[in-house]
Amino acid sequence: MQDLDMAITRSAAPVGVRHTSLERVADAVQTVSIDLGERSYPILIGSHLLAEPTAWAGLPKSAQTFVITNATVAAHHGELVQQALQAQGHRVSVVHLPDGEQFKDWNSLNQIFDALLSAGADRHTLLVALGGGVVGDMTGFAAACYMRGVPFVQVPTTLLAQVDSSVGGKTAINHPLGKNMIGAFYQPLRVLCDLSTLATLPAREISAGLAEVIKYGPIADMALLDWLDGHIADLRALAPDALAHAVARSCQIKAQVVGADEREGGLRAILNFGHTFGHAMEAGLGYGQWLHGEAVGAGMVMAAELSCRLGGVDRAFVQRLTRIVAAAGLPVQGPVLDAADNAGRYLQLMRLDKKSVGGDIRFVLLARPGLARVQSAPDALVRAVIDHCCSAAVRVPF
Ligand code: NAD
Ligand code: GLY
């Protein structure tokens, strides 16, 4: 991946110049393209993007456009989005979903369908997902299903959603027996990443989003990891130019991977670096105890440790990645999920991972720094890594 030239284009008409040189850098709108033939679309990235009419121009209009969001996000950014759509001639209805991963389910999905059906929405009705990954995944799935498919736009307002979940067309709800188990691949028309929306996001959520930025380094781009080593503090402080670079570079890498393997026949699985261990932590602790990005943070350290023991990276690399994860405000050790047989519990949970084949756990491991591959590993080695990397004393830093 790191050898591929990932072209980034700047939009022909960068939007407004504001007060300081820092803001000027960030205010230029960057466009990253997802190339999927007739399903291709742009990701627009910039500060104050949602106030920019060109960001909203040319979207399909039917009798009503539905903004799907939640009360938390709507309180900060709902009015701006509504006004921007109205200024383009859309008649806007807003659907508020309950806020939280525990509501990423059939009931919330049905709230969207209830609103669409009772308003007589047709198959040209545009849905706008305004929020983090939970709102984005559910709106995308609703768009995929309603009348067998209506257009939708992603307006991600968390760092995690801007660098990962809004891009690439994975949509889903959770099932009591598993996370994201019911879903569809369905691409949006456009992704609008307004970096300014992150100003209202709690610091803990910024750290969680950084986990998904960091992951792109070890799997695809060591230059990004080098850059992150010196810029984590800037990112946590929401420095506009640093954010613009991190979001754009993450989207470029994701665009490249999705463009090559939209439906995860193989390559796309590398985007799950650290997630096999991380998903076990989330499920074992109970969803919501640790944020997804926190589990991925500790999970990446464990995946790097396993890679090291298999000869893919050296110890210095593991230590470096651990330092960067810690600097991001993320845990670097996994929790103990079962005092009697912790490794056994991890293995049991990891066998449920979507990448598992016939009970054989498939990990995303590093063949070398900057190059990932999906492979299994001997249980005894995995047990040793879990024993080495987990602690009953670990707490999330927030
Ligand atoms: P989230 O959507 O729950 O958002 C986190 C919290 O921040 C919520 O309370 C939300 O209301 C609030 N929030 C959002 N934007 C805000 C803002 N600008 N200001 C203040 N508060 C704001 O969580 P998330 O981390 O964005 O997404 C996690 C979800 O994404 C999970 O369900 C995960 O499965 C999914 N995901 C999907 C993909 C994919 O490819 N589709 C990839 C990664 C994760
Ligand atoms: N977040 C992993 C993927 O989109 O494939």
Side-chain angles (χ1 to χ4, degrees), residues 34 50 68-78 80-81 96-105 108 129-141 144 154-174 178-188 191 193-213 215-216 219 238 250-251 253-255 257-276 278-279 282-283 287-288 290-296 354-355 364 374:
I34 299 266
L50 299 182
I68 318 294
T69 186
N70 65 39
T72 315
V73 179
H76 295 299
H77 309 292
L80 177 58
V81 167
H96 289 108
L97 301 178
D99 184 3
E101 183 72 37
Q102 68 275 33
F103 300 112
K104 192 178 164 185
D105 60 10
S108 300
L130 173 66
V134 169
V135 164
D137 279 14
M138 280 198 291
T139 306
F141 190 35
Q154 288 274 17
V155 184
T157 61
T158 63
L159 182 58
L160 182 141
Q162 294 190 354
V163 300
D164 192 351
S165 66
S166 66
V167 173
K170 276 189 181 175
T171 74
I173 56 169
N174 298 328
K179 193 168 147 71
N180 292 332
M181 285 296 172
I182 317 291
F185 287 98
Y186 192 69
Q187 302 293 343
V191 181
C193 292
D194 187 336
L195 305 170
S196 308
T197 60
L198 303 179
T200 57
L201 195 63
R204 185 177 176 189
E205 298 286 352
I206 296 291
S207 287
L210 284 175
E212 302 285 10
V213 179
K215 86 173 173 197
Y216 291 113
I219 63 167
L238 304 182
S250 299
C251 288
I253 295 168
K254 183 147 187 189
V257 172
V258 171
D261 179 23
E262 181 186 9
R263 299 174 74 90
E264 204 166 308
L267 176 72
R268 186 166 177 168
I270 68 169
L271 298 173
N272 281 317
F273 179 62
H275 288 55
T276 312
H279 285 155
E282 287 184 272
Y287 290 109
W290 280 24
L291 298 180
H292 174 71
E294 291 166 342
V296 169
K354 284 200 277 304
K355 288 186 297 307
V364 180
V374 181

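Remember, it's 1-based here, ligands and their atoms both numbered in the order they're listed.
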Looking only at protein heavy atoms, which one is nearest to [atom], and how far off is it?
atom                    : answer
atom 3 (O) of ligand 1  : Val134 CG2, 3.4 Å
atom 32 (O) of ligand 1 : Glu101 OE1, 2.6 Å
atom 35 (C) of ligand 1 : Asp137 OD2, 3.4 Å
atom 17 (C) of ligand 1 : Thr200 OG1, 3.4 Å
atom 22 (C) of ligand 1 : Leu201 CD1, 3.5 Å
atom 36 (N) of ligand 1 : Ser165 CB, 3.6 Å
atom 23 (O) of ligand 1 : Gly133 N, 4.1 Å
atom 15 (N) of ligand 1 : Thr157 OG1, 2.7 Å

By number and element, which atoms of ligand 1 are closer than 4.0 Å to a non-hydrogen atom of [X]?
X      : result
Lys254 : 40 (O)
Thr158 : 4 (O), 14 (C), 15 (N), 24 (P), 26 (O)
Lys104 : 31 (C), 32 (O), 33 (C), 34 (O), 35 (C)
His77  : 18 (N)
Lys179 : 31 (C), 32 (O), 33 (C), 34 (O)

Note to self: Polar contacts were defined as any N/O atom of the residue lying under 3.5 Å from an N/O atom of the ligand; does this apply to Arg268 and ligand 1?
What the structure shows: no
Note to self: Side chain, backbone, both or neither: which applies to Val167 and ligand 2 if a contact is any heavy-atom pair less than 4.0 Å apart?
What the structure shows: neither
Ligand 1 versus [X]: contacting region, heavy-atom distance under 4.0 Å:
X      : answer
Thr72  : side chain
Asp99  : side chain
Leu160 : side chain
Thr171 : neither
Asn180 : side chain

Margin query: If we check side-chain hydrogen bond (donor to acceptor under 3.5 Å, both in side chains) with Asp137, which of these qualifies: Lys170, Gln154, Lys104?
Written below: Lys104
Next item on the list: Give a yes or no on whether the backbone of Ala172 and the side-chain of Asn180 come within a donor-acceptor separation of less than 3.5 Å.
Entry: no
Notebook entry, point to check: Would you say Lys254 contacts ligand 2, with heavy atoms under 4.0 Å as the rule?
Noted result: yes
Notebook entry, point to check: Between His275 and Glu212, do the side chains contain an N or O donor and an N or O acceptor separated by less than 3.5 Å?
Noted result: yes
